[in-house]
Amino acid sequence: MAAEFQLDDYILVQDGRTLEIFHRGLSESSRYHVAFLGVDVQPHGDGFKVRLGARQGDDQVVGGVRLKMDRAEFARFRDFIALAVAARDRVSPPNESTSP
């Protein structure tokens, strides 16, 4: 079952190994496989700036969206994004047709 996180005009949907970002004002969404997803979090005042997009190298996130969150919103986001991290780190069982 898909998990959703809503913040202002954005809805983020994590479904299996795909994270999709919808914006109220756009007809198209952005999709990222969890293996390519990057998340950058920076403290900002009494909240956080979060960037979600394609991970490039070890510490760069390109494209995607930038979101500002207060502490309560960030706590909800952290729980939500943990699902994507778990999906990324989950090892798929070997396909029996290719196993020796």
Side-chain angles (χ1 to χ4, degrees):
M1 182 163 167
E4 294 187 1
F5 174 82
Q6 184 172 358
L7 180 70
D8 302 324
D9 288 336
Y10 288 95
I11 296 177
L12 284 56
V13 179
Q14 194 272 323
D15 190 5
R17 295 177 57 82
T18 304
L19 183 112
E20 191 161 8
I21 302 170
F22 296 90
H23 185 274
R24 181 184 314 272
L26 301 175
S27 61
E28 296 179 1
S29 62
S30 300
R31 293 172 53 111
Y32 298 92
H33 190 282
V34 294
F36 305 134
L37 180 65
V39 181
D40 180 57
V41 178
Q42 300 293 322
H44 180 71
D46 61 348
F48 299 90
K49 285 185 179 179
V50 175
R51 182 162 186 184
L52 289 166
R55 184 182 67 236
Q56 194 169 46
D58 289 336
D59 61 353
Q60 189 175 12
V61 178
V62 296
V65 297
R66 296 172 195 253
L67 306 168
K68 290 183 182 176
M69 301 178 197
D70 62 27
R71 291 185 184 278
E73 292 164 337
F74 184 71
R76 286 189 310 111
F77 172 78
R78 191 176 53 226
D79 292 342
F80 168 80
I81 206 67
L83 299 171
V85 171
R88 179 198 66 201
D89 293 345
R90 187 172 38 242
V91 176
S92 301
N95 184 336
E96 289 187 17
S97 64
T98 60
S99 297

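Throughout, numbering of the chain's residues begins at 1 and tracks the sequence. Values below: every heavy atom of this structure, side chains too, minus hydrogens, waters and symmetry copies.
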Mind checking side-chain contact (heavy atoms from CB on, under 4.5 Å) for Asp79 and listing every partner two or more places apart, or none if nothing turns up?
none
For Arg88 and Phe36, indicate whether the former's side chain and the latter's backbone hold a donor-acceptor pair under 3.5 Å.
no
Greater than 12 external heavy atoms within 6.0 Å of Arg76's CZ:
yes
I'd like to know if the side chain of Gln14 and the backbone of Gly16 have a donor-acceptor N/O pair within less than 3.5 Å.
yes
For Phe5, the hydrophobic cluster (side chain heavy atoms closer than 4.5 Å, chained through members) also holds Leu7, Tyr10, Leu12, Leu19, Ile21, Tyr32, Leu37, Val39, Val41, Phe48, Val50, Leu52, Val65, Leu67, Met69, Phe74, Phe77, Phe80, Ile81
Crowding at CG, Asp9 (>12 non-hydrogen neighbours, <6.0 Å):
yes
Closest approach of Val34 and Ala87, non-hydrogen atoms and distance?
CG2-C, 4.0 Å
Output for pair (Arg31 CZ, Phe22 CZ), nearest 0.5 Å, gives 8.0 Å
Starting at NZ of Lys68, measure out to CD of Gln42 and round the result to the nearest 0.5 Å.
13.0 Å
Could you tell me whether Arg51 and Asp40 have a side-chain N and a carboxylate O separated by less than 4.0 Å?
no
